[in-house]
Peer 1: 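Here it is, the structure in full.
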Amino acid sequence: MNLDFRFRIDAALDDAGAWNLVRDGSRGPQRLPLPEFLAVFDPDDSTGAAGDARDPALAEADAGRLAGALAALPWGDLTAEDWGLVQTLLDGLDAGAWAAFAAAGGRAAAEARLAGEAPAGPIPEPPPAPSPYGETDLARGEALLADIFGAGGRLAALRGGDWEARPGQLQMALAVWQSLTGGSDLVVEAPTGVGKSLAYLVPAGLFALMAGERVILSTHTRNLQDQLLGRDLPLLQGTNWYPVRAALLKGRENYACRRRLDRALSEAGPGRGERLAAAALAVWRRRTREGLLEELDGNPLLPYARLRELAVPADGLDEARCRVRGICWLQRARERARDRPLVVVNHSLLLADRAVGRGVLGDYAYLVIDEAQRLDEVATRALGVSLSRRILEEALAVAAPPDRLPRWSAAALSAWLPASARLGRRGDDAAGGPAARRERLLASLAELRRDLGDLLDTLGRQPGLGEALARAGRLRYREAQDLAGHLAGPREALQRRALEVEQDAGRLAAALRDAGDTAARDEAERLTRLAAALGELRRRVDFLLAAADEDFVFYLEGTPRGEPRELVASPVEVRAELGDFFREGLAAAVLTSATLAVEGGFDYFAGKVGLDRSGRELHALALDSPFDYEEQTRLVLPAFLPAPGAPGRMEAMVALLAETLERYPLSALLLFTSYRDLTRVHAGLVEAGFSERRLLVQRPDAGRDALARRFRTQPGAVLLGTASFWEGVDFPGESLKILAISRLPFAVPTEPLVEARCERIQAGGGEPFLDYMIPEAMLRFKQGFGRLIRSRRDEGLVLLLDSRLAHKGYGQRFLSSLPVAARLSFDLDSYRSELHDWYVSRPRPPLDRAQA
């Protein structure tokens, strides 16, 4: 294919009803670099067809292969209106050279689409298959599961040579079935390789069909949701014995708002970046099935801030009156979820739904929670109270025009509350009338934002606070510090203004309700919600500044420059609230993860999440790993390294890592407990001669998934990651061969929430380090170790770089929690010998040093 081919999509249809794809000789060559072309025409990379094309070097190395990849993109999904909009957005930009590849595969598809030979957009779902089961089949459920999971059973027939029966999987499936049918609770620790997702999906789906019940499946990470909906459920639904329909439902902030998206496309600015971004959104709008903004993660034209502007607002118009209700992605997702026997959600939505009386998920009595080790953390956030500029602006934005994001200039504010303005022009212009009240309210909204800024600025001027906040990130405060007294002036101004706006909004809403037209009633509803939000805001300010509730810990969140960003109150414990959740309205709950047991027991986990308060019988199951860790893993502990905090610790660790990764240039994941240590090791490796291209570094403001994708596709890379890489990521096979854990993942004792929990344990006669710090660190430690071996074919080296494991009494407790014994090295020579024995002496494929 000629890479210099120039073309444009003609804005008019020819007689045959197809787009004219012609060379552009009249306006000069138009160029759009390949990455930008892909960002526009394959914005979510949903098909994977352009996977090869995303390597810019391929354009020069293999033009034919590149053309094939681009031709395979679903061009025919786009309608004439879509093509016309994209053409308009790209008109006049340097946007033509790579579109020759669109012509190669897209012309025929587009012509077929425009001729009515192919449907546009997502393929409609088929009608549900009739269920072969009834309630009478419940009695034979265990026999059915044994037939499904057993050797030579239905899964074996379905998967063929890829399948082998796993006793632990059948054991778990039977336990889940017994829990659901018997009305009891179950905790299962199922190590990687057991196949726990199928072990709960199969019995949960069959139970839902036979009993006529809905089952909610809750996860923490998007990766697991993608696995359930994209791999596991489609596999099962291809059979005649599992006709279970499932739905995915996420929180409203994950979905694009059709009104906001349409507005963004119609008001795209003249800038090159804005118009390319709008073109990408136009293509995505047609192709997306779910409307999930996460589909656009990683698109270089659509940064996170731009995507957040498109999310469904927290408190928009009444759903029943929304003009795009019939095509609203969020509403369609909620309607599907209420109609399906299996619904996949995340922990945040699960708990938020309870707070609104199950108004989102509807009625259900059976619950399965995977990644259950994160449930208490999510509950802590959900039950917390905070105050920030963002939270205030979300409250005030209720009064903004429903199709637009809030803008705070005087010109923008003049367009707010149009029904109130019309009401005032009808002749009621008295001082207390709607027109005057509207003007006063709009002015007060802007002043209220300044009042909160004044409160935070006054707080930031307290002596020494800025330096301490910049250093620690979070600072705890207590009732005795009398924050309310120190901030009395700005606090009173903020509260007074909030009360005035609340009252004006309420009175203006009352006047609008009497106006009679739909627009006025809609605006009255928004003003009523604004008044309620400001009443809540005033209570929140008093609660946070008083800091008097002993069940909460109060602290300031700061910016890197030490400016107060947010006041936060987090519950010290959540077990009582979660206990209520498990007790009220549930008939059975199953909680599972790869790491739930502490030294073989589940009492610690069940207690902290309140499962021991459900009032039902609680069963526990700890399954063995199917992997041969002795053969697949070498666990090395260089006990000669200085302990964390000791002089020379960082230099010694960098030197050891540099030598190891230079001698054995394999893909490596280095896990850290702080960004400070990560950045110091990164700098040390660069100084030791490692290229920046080989080192993939997690940044505080960057997403995990894009970095993980790069790591999987870059042989020999070294990924330096912190908290989010300790769990929920999968690097099978050659994508990960060396795992290094820099130090034990103990919580920072000065963190406000950790400090408050330790104080409560001590006040109750317990020992915080033994009863809280060690169990939490052990669970995290096991999660980190689990990143390496993900299948029977995986193998690799684990380096434990915290010498306290060898020299402290509690070290053996951590080592005993792992499925393979650690090999201690007390000097550099013995360390080198261990690695030589693993990589050279034992039989294995030769090391490919070209991977670096």
Side-chain angles (χ1 to χ4, degrees), residues 376-392 451-496 498 535-578 608 610 674 746-773 776:
D376 64 313
E377 177 187 325
V378 175
T380 299
R381 289 198 303 268
L383 296 170
V385 178
S386 60
L387 177 67
S388 65
R389 288 180 172 89
R390 177 185 58 81
I391 289 171
L392 175 63
D451 288 338
L452 178 58
D454 290 343
L455 185 144
L456 293 174
D457 291 343
T458 303
L459 180 59
R461 289 193 292 269
Q462 300 299 309
L465 186 140
E467 293 83 355
L469 201 54
R471 185 173 57 254
R474 290 178 176 176
L475 288 180
R476 186 180 180 185
Y477 64 92
R478 305 170 190 259
E479 182 181 9
Q481 292 173 269
D482 191 22
L483 211 60
H486 290 301
L487 302 174
R491 169 185 169 275
E492 290 172 4
L494 177 66
Q495 294 286 56
R496 182 173 60 253
E536 169 59 27
L537 177 75
R538 292 189 298 107
R539 291 186 290 274
R540 187 175 295 203
V541 170
D542 287 339
F543 177 76
L544 287 166
L545 295 184
D549 193 323
E550 295 181 353
D551 290 330
F552 284 78
V553 56
F554 298 84
Y555 55 94
L556 302 175
E557 289 268 13
T559 67
R561 294 184 296 180
E563 300 162 339
R565 178 175 58 197
E566 192 169 21
L567 293 127
V568 183
S570 293
V572 178
E573 296 178 341
V574 294
R575 58 185 178 183
E577 289 79 5
L578 285 177
K608 76 172 184 173
S674 70
F746 284 116
V748 179
T750 55
E751 273 285 306
L753 190 55
V754 174
E755 185 181 52
R757 286 175 174 169
C758 289
E759 289 172 356
R760 176 159 294 191
I761 292 170
Q762 191 165 22
E767 172 51 57
F769 186 68
L770 297 176
D771 299 341
Y772 172 64
M773 300 287 279
E776 286 293 320

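All values reported here derive from a predicted model rather than from experimental measurement.
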Peer 1: Hey, are E776 and K608 close enough for a salt bridge, meaning a charged N less than 4.0 Å from a carboxylate O?
Peer 2: yes
Peer 1: If you take all heavy atoms of M773 and V754, which pair is closest and at what distance?
Peer 2: SD-CG1, 3.8 Å
Peer 1: Search all heavy atoms of P571 against all heavy atoms of L753 and return the closest pair with its distance.
Peer 2: O-CD1, 3.5 Å
Peer 1: So which atom in L475 and which in A468 form the shortest heavy-atom distance, rounded to 0.1 Å?
Peer 2: CD1-CB, 3.7 Å
Peer 1: Any chance you could measure D454, atom CG, to R491, atom CZ, to the nearest 0.5 Å?
Peer 2: 15.5 Å
Peer 1: Quick check on E767: does its CD atom have over 12 non-hydrogen neighbours (other residues, nucleotides or ligands) under 6.0 Å away?
Peer 2: yes
Peer 1: Applying side-chain contact (heavy atoms from CB on, under 4.5 Å), run through H486 and Q481 and close with a yes or a no.
Peer 2: CA-CA 9 Å; H486 290 301; Q481 292 173 269; 5.8 Å; no
Peer 1: What do the steps show when you test V568 against V385 for side-chain contact (heavy atoms from CB on, under 4.5 Å), and what is the final call?
Peer 2: CA-CA 6 Å; V568 183; V385 178; over 6 Å; no
Peer 1: Determine whether P749 and F769 make a side-chain contact, defined as any pair of heavy atoms from C-beta on separated by less than 4.5 Å.
Peer 2: no
Peer 1: Got a salt bridge between R760 and D551, using NZ or NE/NH1/NH2 to carboxylate O under 4.0 Å?
Peer 2: yes
Peer 1: Could you tell me which non-hydrogen atom of S388 sits nearest to which non-hydrogen atom of L452, and how far apart they are?
Peer 2: O-CD2, 3.4 Å
Peer 1: For R476, which of E751, E759, E557 qualifies under salt bridge (charged side-chain N to carboxylate O under 4.0 Å, His left out)?
Peer 2: E759
Peer 1: Parallel, tilted or perpendicular for F554 and F543, by the 30°/60° rule?
Peer 2: tilted
Peer 1: Decide yes or no on side-chain contact (heavy atoms from CB on, under 4.5 Å) for L544 and Y477, but give the supporting numbers first.
Peer 2: CA-CA 10 Å; L544 287 166; Y477 64 92; 4.0 Å; yes
Peer 1: Looking at CZ of R565 and CG of L556, how far apart are the two atoms once the value is rounded to the nearest 0.5 Å?
Peer 2: 11.5 Å
Peer 1: What distance do R561 atom CZ and L469 atom CG have between them, rounded to the nearest 0.5 Å?
Peer 2: 12.5 Å
Peer 1: Shortest non-hydrogen contact from L459 to L483?
Peer 2: CD1-CD1, 3.7 Å
Peer 1: One pair to check against side-chain contact (heavy atoms from CB on, under 4.5 Å): L387 and L456. What are the steps and the verdict?
Peer 2: CA-CA 10 Å; L387 177 67; L456 293 174; over 6 Å; no
Peer 1: Please examine the side chains of L567 and L455, heavy atoms only from C-beta on, and report whether any two atoms are closer than 4.5 Å.
Peer 2: yes
Peer 1: Flag the pair D376 and R575 as a salt bridge only when some basic side-chain nitrogen lies within less than 4.0 angstrom of an acidic carboxylate oxygen.
Peer 2: no
Peer 1: So, for P490 and T458, which heavy atoms are closest and what is the spacing to 0.1 Å?
Peer 2: CG-OG1, 3.8 Å
Peer 1: Could you state the interatomic distance from OG1 (T380) to CD (E577), rounded to the nearest 0.5 Å?
Peer 2: 9.0 Å
Peer 1: Between R540 (side chain) and S386 (backbone), is there a donor-acceptor pair under 3.5 Å?
Peer 2: yes
Peer 1: Between E467 and R471, is the closest basic N to carboxylate O distance under 4.0 Å?
Peer 2: no
